[in-house]
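Below is one structure, written out as structure tokens; the observations come after it.
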Amino acid sequence: MRLQDKVAIITGAGRGIGQATAVKFATEGAKVVVCDLSPEWIEETVRMCKETRGDAMGYAADVRDIKSLEGMVAATVARWGRVDCLVNNAGIVADAQMKNMSEDQFDSVIEINLKGVFNCTKAVVNTMLAQQSGVILNASSIVGLHGNFGQTNYAASKFGVIGMVKTWARELGRKGIRANAVCPGFIATTILGTIPEKVLRALEDKVPLGRLGKPEEIANTFAWLASDEASYINGAVIEVSGGLTI
Ligand code: NAP
């Protein structure tokens, strides 16, 4: 198993890509901290992880709340002694065309998708520095690379994540810590719920593979990046989109 006994914190792990990532990590032997807002979703993911050969514990934390994130890292270290991997996955959308986008819509997306990634990494980095090892994985998006109609806030947040990843790859590489970003294309989760069915079908048609991605296909990428097989991959921005942008 590729992640045997590695300890991983995954944010937004109650559903979607985060849930699939938690289950994949556990299947690969990891001990997973399932972080999300909703206790019911957390419980469900923990249950799914425990059905594999791995182990899991839940922790309800908002990525906007640095104190509760510090509590989560302390609880992780108390239980399993270390943190080998952080997957910054929690994210939201609040779409509107630029001319209609409110300050609240802009701020809420930046606060979770960008500042939340900073907060979680800040909460975990001293533990990784003390270990002289760790992997910080981050959910960006093809929208962070190319922009998207109605997503000024989301594009800014996901482009910002790439900037932070490249900075951390430089700052932390010599301390044994790798940082990478994954840019999913359109993946079938509830986050796509606001996109009209007709638009989704049109998007699907544009994908050379002819379909939306599955959460498990992003989870597999995170699992590989977290493993020692990816030991020389640092500061990378990996698109997983079925070829949508070629
Ligand atoms: P999702 O199904 O909506 O799941 C997102 C998870 O994040 C939810 O469980 C949500 O909890 C949690 N979350 C939201 N705000 C949070 C906060 N403040 N603190 C802690 N957890 C919070 O989304 P997804 O499609 O799996 O997306 C996962 C990541 O991939 C996101 O960063 C997204 O931007 C990125 N991504 C997705 C796609 C796609 O097509 N699906 C494409 C590119 C990038 P609640 O349910 O309780 O709100």
Side-chain angles (χ1 to χ4, degrees), residues 3 5-52 54-94 104 107-128 134-140 154 157-158 161 164 182 184 187 189-193 215-216 218-219 222-223 226:
L3 302 176
D5 292 330
K6 290 201 190 280
V7 178
I9 295 175
I10 303 172
T11 68
R15 58 184 175 149
I17 292 169
Q19 182 178 70
T21 302
V23 173
K24 174 67 180 172
F25 273 50
T27 304
E28 293 284 354
K31 295 168 171 143
V32 180
V33 180
V34 176
C35 166
D36 209 306
L37 294 171
S38 141
E40 304 93 84
W41 289 111
I42 290 174
E43 215 175 289
E44 172 66 2
T45 305
V46 168
R47 188 193 58 74
M48 290 165 77
C49 289
K50 287 191 163 172
E51 280 175 2
T52 71
D55 198 1
M57 74 176 205
Y59 202 98
D62 187 322
V63 298
R64 291 170 291 193
D65 178 1
I66 186 82
K67 283 274 165 270
S68 77
L69 297 170
E70 285 167 358
M72 174 173 67
V73 173
T76 306
V77 172
R79 170 121 180 224
W80 285 318
R82 52 192 296 112
V83 181
D84 296 297
C85 180
L86 167 67
V87 185
N88 282 313
N89 167 78
I92 62 163
V93 291
D104 271 0
D107 289 347
S108 61
V109 169
I110 295 296
E111 219 186 327
I112 292 176
N113 295 10
L114 186 64
K115 180 98 183 288
V117 170
F118 170 79
N119 288 342
C120 294
T121 306
K122 180 98 176 133
V124 103
V125 74
N126 283 334
T127 302
M128 289 184 174
V135 184
I136 301 164
L137 301 177
N138 303 273
S140 180
Y154 188 78
S157 71
K158 295 301 187 182
V161 165
M164 293 199 293
V182 173
I187 310 301
T189 72
T190 50
I191 212 171
L192 300 187
E216 292 74 18
I218 306 303
F222 279 137

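Heavy-atom basis, side chains included; hydrogens, waters and symmetry copies ignored. Here the structure is a predicted model, which means the values were calculated and not measured.
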Let me see the working for Ile10 and Phe222 under side-chain contact (heavy atoms from CB on, under 4.5 Å), right down to the final yes or no.
-> CA-CA 10 Å; Ile10 303 172; Phe222 279 137; over 6 Å; no

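- Each of Ile92, Asp107, Asn119, Val117 was compared with Ile112 under the side-chain contact (heavy atoms from CB on, under 4.5 Å) criterion, and only Ile92 meets it.
- Val32 and Ala26 get closest at one heavy-atom pair: CG2-N, 3.9 Å.
- The side-chain heavy atoms of Lys6 and Cys85, taken from C-beta on, include no pair separated by under 4.5 Å.
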Applying side-chain contact (heavy atoms from CB on, under 4.5 Å), run through Thr45 and Asp36 and close with a yes or a no.
-> CA-CA 10 Å; Thr45 305; Asp36 209 306; over 6 Å; no

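- The heavy-atom pair separating Ala90 from Gly12 by the smallest distance is CB-N, 3.7 Å.
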Give the C-alpha distance, both sets of side-chain angles, the deciding distance and a yes or no for side-chain hydrogen bond (donor to acceptor under 3.5 Å, both in side chains) between Thr121 and Asn88.
-> CA-CA 8 Å; Thr121 306; Asn88 282 313; 3.0 Å; yes

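- Expressed to the nearest 0.5 Å, how far NZ of Lys67 lies from CD of Glu70 amounts to 4.5 Å.
- Counting all heavy atoms, side chain and backbone alike, Val135 lies closest to Ala226 at CG2-O, 4.0 Å.
- Using modelled atom types, one side-chain atom of Gln19 and one backbone atom of Gly14 make a donor-acceptor pair closer than 3.5 Å.
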How far apart are the C-alpha atoms of Arg79 and Asp55, what are their side-chain angles, what is the distance that settles it, and do they pass the side-chain contact (heavy atoms from CB on, under 4.5 Å) test?
-> CA-CA 11 Å; Arg79 170 121 180 224; Asp55 198 1; 3.7 Å; yes

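- Other residues, nucleotides and ligands place more than 12 heavy atoms under 6.0 Å from the CD atom of Glu44.
- Side-chain contact between Asp62 and Leu37 is present, with heavy atoms from C-beta onward closer than 4.5 Å.
- Remark: Asp5 engages Lys31 in a salt bridge (Lys or Arg N to Asp or Glu O under 4.0 Å) (not counting sequence neighbours).
- Minimum heavy-atom separation, Pro215 to Ile187: N-CG2, 3.5 Å.
- Counting all heavy atoms, side chain and backbone alike, Ala61 lies closest to Leu69 at CB-CD2, 4.1 Å.
- To the nearest 0.5 angstrom, Phe25 atom CZ is 10.5 Å from Asp84 atom CG.
- For Lys50, the NZ atom sits in a packed shell: over 12 heavy atoms of surrounding residues, nucleotides or ligands are nearer than 6.0 Å.
- Side-chain contact between Asn138 and Met164: absent, with no pair of heavy atoms (C-beta onward) separated by less than 4.5 Å.
- The side-chain heavy atoms of Thr76 and Val7, taken from C-beta on, include a pair separated by under 4.5 Å.
- When Ile42, Val33, Val73 are each tested for a side-chain contact (heavy atoms from CB on, under 4.5 Å) with Tyr59, only one passes: Val33.
- Contact annotation: the side chain of Asn89 approaches that of Ile17 to within less than 4.5 Å [non-hydrogen atoms, C-beta and beyond].
- Across Cys35 and Met72, no two heavy atoms sit closer than the pair CB-SD, 3.6 Å.
- In this structure, the salt bridge (Lys or Arg N to Asp or Glu O under 4.0 Å) partners of Lys24, at least two apart in sequence or on a different chain, are Glu28.
- Two residues are said to be in side-chain contact when any heavy atoms from C-beta on lie closer than 4.5 Å; Lys158 and Asn113 meet this criterion.
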Under the side-chain contact (heavy atoms from CB on, under 4.5 Å) criterion, do Val83 and Ile9 qualify, and how do the steps go?
-> CA-CA 7 Å; Val83 181; Ile9 295 175; 4.1 Å; yes

